[in-house]
Amino acid sequence: MTNKDIEIIDFQPEGYKPLVDFGAWRVAVLKFCDDLKLENVKTMQKHLETDEVFVLIRGNCTLFLGGDGGSPENIKSVSMEHGKIYNIKKGVWHNHIMDEDGEVLIVENRDTCDDNSPIVPLDDSQLLALRACVQ
């Protein structure tokens with residue numbers, strides 16, 4: 001086997017890291033970092049041009065969803081399970097938390113970036129709703 005047949009990529013120690021860009025898609029890994037602690041989540045994001053797929057590799061991760069309106073509303077949580085694929089639809093506000101062992105595989109459009117993925121700060125009532133989801 002030669003290097004032209006396979007590319008083997010090591011994951012980073014923490015945070016988000018794109019690993020493979022090919023054609024129109026990207027595969028990335030998200031590992032625990034301080035930004036993913038519940039007390040540090042203060043925003044939600046949506047992608048205007050793509051769905052975003054999450055697969056829990058290890059640890060625990062909770063997704064937060066805030067609908068597809070002009071701002072996040074009726075925030076709900078989904079505790080991810082191993083062996084399941086979570087496809088967050090284009091235009092749906094979302095964020096997530098994870099424990100220190102958490103690791104998630106992400107598949108999205110290759111051109112997903114700040115220009116087509118607005119991030120909004122959550123107000124006090126939205127933060128209370130988000131935190132209430134996990135208590």
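Just so it is clear, the values below take in all heavy atoms, side chains as well, and ignore hydrogens, waters and symmetry mates.
In this structure, CG on L63 lies 8.5 Å from OG on S79, to the nearest 0.5 angstrom. Of the inter-residue distances, the one linking T43 atom OG1 with H94 atom NE2 reads 10.0 Å to the nearest 0.5 angstrom. Atom NE2 of residue H96 and atom CG of residue N60 lie 14.0 Å apart, to the nearest 0.5 angstrom. Once rounded to the nearest 0.5 Å, the distance linking CD of Q45 with CD1 of I88 reads 9.5 Å. Interatomic distance, C33 SG to E100 CD, rounded to the nearest 0.5 Å: 11.0 Å. Separation of atoms CZ (F22) and CZ (R110) is listed at 9.5 Å; rounding is to 0.5 Å.
With sequence neighbours left out, D51 forms a side chain to side chain donor-acceptor pair (under 3.5 Å) with N87. D123 meets the side-chain contact (heavy atoms from CB on, under 4.5 Å) test with S125, Q126; sequence neighbours excluded. Considering only residues two or more places apart in sequence or on other chains, T112 meets the side-chain contact (heavy atoms from CB on, under 4.5 Å) condition with R26, H47, T50, E108, N109, N116, S117. For Y86, there are no ring pair (Phe, Tyr, Trp, His ring centres under 6.0 Å) partners two or more places apart in sequence or in a different chain.
At a threshold of 4.5 Å between side-chain heavy atoms, the hydrophobic network of Ile, Leu, Val, Met, Phe, Trp and Tyr places L128 and L65 in two separate groups. Note: the hydrophobic cluster containing L48 does not contain I119 (ILVMFWY, side chain heavy atoms under 4.5 Å, direct or indirect links).
Minimum heavy-atom separation, K46 to D68: NZ-O, 4.3 Å. Here the closest heavy-atom approach between residue L56 and residue C61 is recorded as CD1-CB, 3.9 Å.
Side-chain atoms of I106 and V27, non-hydrogen and from C-beta on, never get closer than 4.5 Å to each other. Residues V53 and I85 form a side-chain contact, since some pair of their non-hydrogen atoms from C-beta on lies under 4.5 Å apart.
Within a 6.0 Å sphere centred on NZ of K90, heavy atoms belonging to other residues, nucleotides or ligands number 12 at most.
Here L122 sits in one hydrophobic cluster together with L38, V41, M44, F64, I75, W93, I97, V120, L127, L130, V134; the rule is ILVMFWY side chains under 4.5 Å apart, joined directly or through other members.
Residues in residues 53-62 take part in these salt bridge (Lys or Arg N to Asp or Glu O under 4.0 Å) pairs, two or more places apart or across chains: R58-E103.
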